[in-house]
Protein chains: 2
Amino acid sequence: MMISMRSKYALKALAFLARSKEKETFLIAELAEAEHIPKKFLEAILLTLKSQGILASRKGPGGGYSLAKAPAAITIGSIIRTFEGDMAPVHCLSEQARGGECPECIDHATCGIRLVMTDVHQALASVLDVVTLAEMVERSDFERQKLSRQLDYSI
Amino acid sequence: MMISMRSKYALKALAFLARSKEKETFLIAELAEAEHIPKKFLEAILLTLKSQGILASRKGPGGGYSLAKAPAAITIGSIIRTFEGDMAPVHCLSEQARGGECPECIDHATCGIRLVMTDVHQALASVLDVVTLAEMVERSDFERQKLSRQLDYSI
DNA sequence: CACGAATCCTATTTGTTCTATGGATTATTT
DNA sequence: AAATAATCCATAGAACAAATAGGATTCGTG
């Protein structure tokens with residue numbers, strides 16, 4: 001149930017963009033270096049995020065990538081779905097299989113696995129579709145502040 | 001985030017055993033045929049479940065597999081963990097990495113991804129560690145009854 | 001003890017996905 | 001035109017998933 005490196009790198013790059021107040025637009029190379037992501041790999045990831053309307057880009061000198069929406073309007077779920085597909089634990093709950101069954105399913109209507117996995121799917125979505133990129137960055141900042149306070153006390 | 005065929009097959013076979021009142025012990029071949037699972041593949045799966053203390057087996061004539069505990073004492077989470085590992089969405093939340101970091105992590109303490117994924121992990125566990133094999137079968141039976149009632153009305 | 005029933009074990013195959021890279025192309029600014 | 005930067009295309013290598021093959025081991029029974 002691990003998320004892929006793609007998703008992680010996407011989250012890192014997007015968080016970096018959301019955190020940056022000074023500048024709006026960054027080069028692939030800048031993002032790659034800042035977050036320690038293989039540049040060529042990140043390139044493909046950013047392109048995918050653009051195709052999903054999460055990022056915007058401009059070519060040529062002065063170009064680069066920037067967020068297409070406010071961080072508060074980007075859910076973590078929408079980012080992860082971009083790379084992991086809908087997060088259905090079983091095929092029959094996937095949107096691609098519109099109301100369809102798992103290939104190996106014997107009795108779709110009474111399948112206990114489907115019934116339980118529906119709850120799992122719901123639990124996942126209830127976190128990922130609610131938390132936004134903005135909140136993720138806020139929580140990170142909050143931890144940072146906590147740490148620096150602890151450092152102050154210890155001095 | 002899909003579970004593997006292994007996990008699905010395991011759930012199917014275990015549900016079959018939990019549902020069976022007449023008999024306690026079944027041959028691999030019986031389980032394989034009943035649930036449409038490749039026999040050799042199922043063989044390996046059942047062996048793994050045995051190593052986790054979920055199944056018991058006896059060799060030789062009259063042998064076969066049976067549940068090692070009551071269905072109400074087997075959580076769906078324990079079954080899935082057998083094949084998917086702990087269900088940590090990121091490496092740093094896995095038990096193998098005891099308090100460790102993701103290999104690519106820059107600042108573990110303030111990592112926003114980790115903070116959000118902790119919630120995800122929690123949400124997953126809150127379903128899978130609570131629902132048991134017995135409950136899964138009950139829910140399936142309940143759906144079956146609903147359907148047969150609908151059939152009665154329509155006649 | 002010998003035989004057959006059944007699980008147990010090791011290895012291999014096959015296909016797919018994940019991670020990553022290289023090289024050529026297109027758009028934009030100066 | 002020249003430089004800059006994203007874009008597109010192709011593919012290699014590793015890891016993993018699903019399934020299969022073949023034999024080894026254990027157990028009950030005649």
**Q.** Any side-chain donor near an acceptor of the partner, B/Ser78 and B/Gln52, under 3.5 Å
**A.** no

Q. A/Lys50 near the nucleic acid: base, sugar-phosphate alone, or nothing, with a heavy-atom cut-off under 4.0 Å?
A. sugar-phosphate

**Q.** Among C/dA6, D/dA6, C/dT29, the nucleotide that comes nearest once only the side chain of B/Leu27 is considered
**A.** C/dA6

(Q) Give me the atom names and distance for the closest heavy-atom approach of B/His121 to B/Leu93. (A) CE1-O, 4.0 Å

Q: Report yes if at least one side-chain N or O of A/Arg58 is closer than 4.0 Å to OP1 or OP2 of D/dT4; otherwise report no.
A: no

Q: Return the value, rounded to whole Å, for the distance between atom OH of B/Tyr65 and atom C1' of C/dC8.
A: 7 Å

Q. Do A/Phe16 and A/Ile76 belong together in a cluster built from hydrophobic side chains that touch within less than 4.5 Å?
A. yes

Q. What pairs of residues pass the ring-ring contact (aromatic ring centres under 6.0 Å, His included) test when at least one of them lies in residues 31-50 of chain B, not counting sequence neighbours?
A. B/Tyr9-B/Phe41

(Q) Can you tell me which residue among B/Ile28, B/Ile54, B/Ile37 is in a side-chain contact (heavy atoms from CB on, under 4.5 Å) with B/Leu46? (A) B/Ile28

Q. DNA chain C in dot-bracket, Watson-Crick or G-U pairs under 3.5 Å, [ ] crossing, | other strand?
A. ||||||||||||||||||||||||||||||

(Q) I need the full list of ring-ring contact (aromatic ring centres under 6.0 Å, His included) pairs touching residues 56-91 of chain B, with sequence neighbours left out, sorted by first then second residue. (A) none

(Q) Minimum heavy-atom separation for B/Cys102 and B/Val90, please, with both atom names. (A) SG-CB, 4.3 Å

Q.
Check whether B/Asp86 reaches the backbone of B/Glu95 with its side chain - one donor and one acceptor, N or O, closer than 3.5 Å.
A. yes

Report each atom pair, protein N/O against N/O of nucleotides 11-13 of chain C, whose distance is under 3.5 angstrom.
none

Q) Is the shortest distance from a Lys or Arg side-chain nitrogen in A/Arg19 or A/Glu35 to a carboxylate oxygen in the other one below 4.0 Å? A) yes

Q. Base, sugar-phosphate, or nothing: which does A/Leu46 touch, judged by heavy atoms less than 4.0 Å apart?
A. nothing

**Q.** Non-neighbouring partners of B/Phe142 that pass side-chain contact (heavy atoms from CB on, under 4.5 Å), sequence neighbours left out
**A.** B/Lys146

**Q.** Contact pattern, 5' to 3', of nucleotides 18-23 of chain D - B, S or - by protein heavy atom under 4.0 Å
**A.** SBBBBB

(Q) Keeping B/Arg6 on the side-chain end and B/Ile80 on the backbone end, is there a donor-acceptor pair under 3.5 Å? (A) no

Q | Residue B/Lys59, side-chain atoms from C-beta onward, closest of C/dC9, D/dT26, C/dA27 | A | D/dT26

